[in-house]
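Here's the structure we're looking at; comments come further down.
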There are 2 protein chains.
Amino acid sequence: MNAVSTSASVRPEDERASLSEVLRAHGVGPTHQRIEIARALFSRMTHLSADQVLAAVNQRHAETSKATVYNTLKLFVEKGLVREVIVDPTKVFYDPNTSPHHHFYDVETGEITDIDGDRISILGLPALPEGKMAAGVDLIIRVRSSA
Amino acid sequence: MNAVSTSASVRPEDERASLSEVLRAHGVGPTHQRIEIARALFSRMTHLSADQVLAAVNQRHAETSKATVYNTLKLFVEKGLVREVIVDPTKVFYDPNTSPHHHFYDVETGEITDIDGDRISILGLPALPEGKMAAGVDLIIRVRSSA
DNA sequence: GGCGAAATTAGACAGAGTCCAATTCTTATC
DNA sequence: GATAAGAATTGGACTCTGTCTAATTTCGCC
């Protein structure tokens with residue numbers, strides 16, 4: 001289950017209010033733009049790149065600048081609202097699913113699919129380097145069409 | 001053990017000849033530039049970005065263009081001479097170690113360290129998506145200075 | 001409503017990587 | 001060793017993602 005559930009019966013103003021709550025709960029002051037960006041991510045629950053977020057948010061009429069999208073995504077990552085997924089050398093994806101999980105990455109189509117973290121154990125990891133602490137474990141399985 | 005061992009006693013012309021052999025063995029026609037790029041990677045055995053390779057190759061006097069470095073690194077990846085390591089959203093690293101292994105990535109310093117693949121088992125991986133085959137498994141442990 | 005702080009903005013900028021048409025090199029053949 | 005055909009290399013313009021900045025707008029609070 002995730003931070004925001006988006007059932008079909010939620011009235012738009014209630015959705016905005018509940019997104020506002022979620023932002024506040026994570027120490028993020030809610031603004032129009034941040035709420036729209038959060039909605040773009042949480043209502044889709046897929047992995048979006050910054051420019052996909054920009055396009056989604058400005059779909060009807062432009063309201064949010066590129067700078068704000070980048071600022072906000074960075075802020076959301078810091079505050080733990082979304083996770084960065086780095087699998088593609090040309091752009092970063094943002095993942096509204098923050099529970100521990102891993103990814104399939106289709107190198108041909110660019111498609112990213114979640115792998116539930118519960119089912120996976122990684123055995124035999126060596127000790128972390130001296131004076132370091134873990135900041136995240138990303139397991140990425142690259143796949144392509146079978147011949 | 002790796003494709004090319006570089007002991008201190010190897011004469012430069014022998015090193016070039018043996019790199020030539022390695023390239024041919026992987027279906028890559030040897031040229032001056034490709035040999036120099038291979039040497040930059042294999043003599044260091046560390047993870048280099050494209051522009052670090054460019055700088056290394058042109059250290060004494062410029063001899064190889066940016067386009068060639070990019071073309072060649074892509075070719076080396078296709079032919080299995082080096083592996084791409086995608087951990088940093090701003091640049092790709094190239095890893096001359098092609099045996100199965102994983103990486104520590106220090107998010108503060110950018111340092112990349114190998115984790116021997118022999119010691120690690122990943123349990124519980126789900127079936128690959130329909131019609132897909134694995135193209136690589138990358139486990140990345142992000143680390144930072146402990147508080 | 002008004003004020004100070006925080007957020008947003010347009011657009012210039014930076015850096016990694018790509019593309020292209022012209023040139024140069026490799027290699028196979030003689 | 002010379003030649004010709006194909007392969008590789010080149011500079012430089014270009015694209016794209018992401019950053020920066022100074023000016024403006026909005027937010028939260030009294």
Side-chain angles (χ1 to χ4, degrees), chain A residues 16-17 19-21 23-40 47-58 61-79 81-82 84-94 107 110 112, chain B residues 16-17 19-21 23-40 47-58 61-79 81-82 84-94 107 110 112:
Chain A
R16 290 181 58 90
L19 284 167
S20 242
E21 282 313 300
L23 296 186
R24 276 210 183 79
H26 283 81
V28 174
T31 64
H32 289 312
Q33 289 86 344
R34 288 172 178 176
I35 290 170
E36 288 309 308
I37 290 168
R39 180 153 65 185
H47 312 77
L48 296 178
S49 64
D51 67 301
Q52 288 174 319
V53 170
L54 182 60
V57 157
N58 289 335
H61 36 73
E63 48 186 50
T64 303
S65 72
K66 185 171 67 151
T68 296
V69 169
Y70 278 97
N71 290 342
T72 300
L73 289 171
K74 184 154 75 165
L75 180 67
F76 282 8
V77 170
E78 278 167 17
K79 300 297 186 175
L81 275 157
V82 301
E84 267 179 323
V85 181
I86 299 166
V87 288
D88 180 317
T90 73
K91 57 171 78 87
V92 175
F93 289 91
Y94 293 88
V107 295
I112 301 172
Chain B
R16 291 180 59 88
L19 283 167
S20 241
E21 282 313 301
L23 295 186
R24 275 210 184 76
H26 284 80
V28 174
T31 64
H32 290 313
Q33 289 87 341
R34 288 171 176 176
I35 290 169
E36 288 308 309
I37 290 168
R39 180 152 64 182
H47 313 77
L48 297 178
S49 63
D51 67 302
Q52 288 174 320
V53 171
L54 181 61
V57 158
N58 289 335
H61 37 72
E63 48 188 48
T64 303
S65 71
K66 185 170 67 151
T68 297
V69 168
Y70 279 96
N71 290 343
T72 300
L73 289 171
K74 184 154 77 167
L75 179 67
F76 282 8
V77 170
E78 278 167 17
K79 300 298 187 178
L81 275 157
V82 301
E84 265 179 322
V85 181
I86 299 166
V87 287
D88 180 319
T90 72
K91 56 173 78 88
V92 175
F93 289 90
Y94 294 89
V107 296
I112 302 172

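Numbered from 1 within each chain, the chains take letters A, B, ... in sequence-line order.
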Check: C/dG17 base within 3.5 Å donor-acceptor of B/Lys66 side chain
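By the distance-only test, yes, there is a pair.
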Ignoring hydrogens and angles, does a donor from either the side chain of B/Lys91 or the base of C/dG15 sit under 3.5 Å from an acceptor on the other?
no
Does [X] put a side-chain nitrogen or oxygen below 4.0 Å from OP1 or OP2 of [N]?
X	N	answer
B/Gln33	C/dC25	no
B/Thr68	D/dT10	yes
B/Tyr70	C/dT18	no
A/His32	C/dT8	no

First locate atom CG of B/Asp51, then atom NZ of B/Lys91, and finally report the distance between them rounded to the nearest 0.5 Å.
6.0 Å
Between NE2 of B/His47 and OH of B/Tyr94, what distance do you get to the nearest 0.5 Å?
13.5 Å
Take the protein atom [atom1] of [X] and the nucleotide atom [atom2] of [N], then report the distance between them rounded to whole Å.
X	N	atom1	atom2	answer
B/Ile35	C/dT26	CD1	P	9 Å
B/Leu54	D/dT10	CG	P	10 Å
A/Leu75	D/dT19	CG	C1'	16 Å
B/Arg24	C/dA28	CZ	P	8 Å
A/Leu23	C/dA7	CG	C1'	14 Å
A/Asp51	D/dT19	CG	P	13 Å
B/Asp88	C/dG15	CG	P	14 Å
B/Leu73	D/dT9	CG	C1'	14 Å

Heavy-atom closest pair (B/Leu54 atom, B/Thr64 atom, distance to 0.1 Å) is CD1-O, 3.6 Å
Do you know which two heavy atoms are closest between B/Thr68 and B/Ile37, and how far apart they sit?
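Nearest pair, atom of B/Thr68 first, then B/Ile37: O-CD1, 4.3 Å.
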Need one value for [X]: base, sugar-phosphate or nothing, where a base atom within 4.0 Å counts as base even if backbone is also close, heavy atoms only.
X	value
B/Thr31	sugar-phosphate
B/Ser49	nothing
B/Pro30	sugar-phosphate

Winner on side-chain proximity to A/Ala67, out of D/dT17, C/dT8, D/dC20, is D/dC20
Test log, rule side chain to side chain contact (heavy atoms under 4.5 Å, CB included), inputs B/Phe93 and B/Gln52
CA-CA 9 Å; B/Phe93 289 90; B/Gln52 288 174 320; 4.0 Å; yes
Both B/Val92 and B/Asn71 contact DNA chain C. Taking the nearest nucleotide for each, which residue is further toward the 5' end?
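The 5'-side residue here is B/Val92.
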Does B/Lys74 or A/Arg34 map to a spot on DNA chain C nearer the 5' end, using the closest nucleotide for each?
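Checking each residue's closest nucleotide, the 5'-ward one belongs to A/Arg34.
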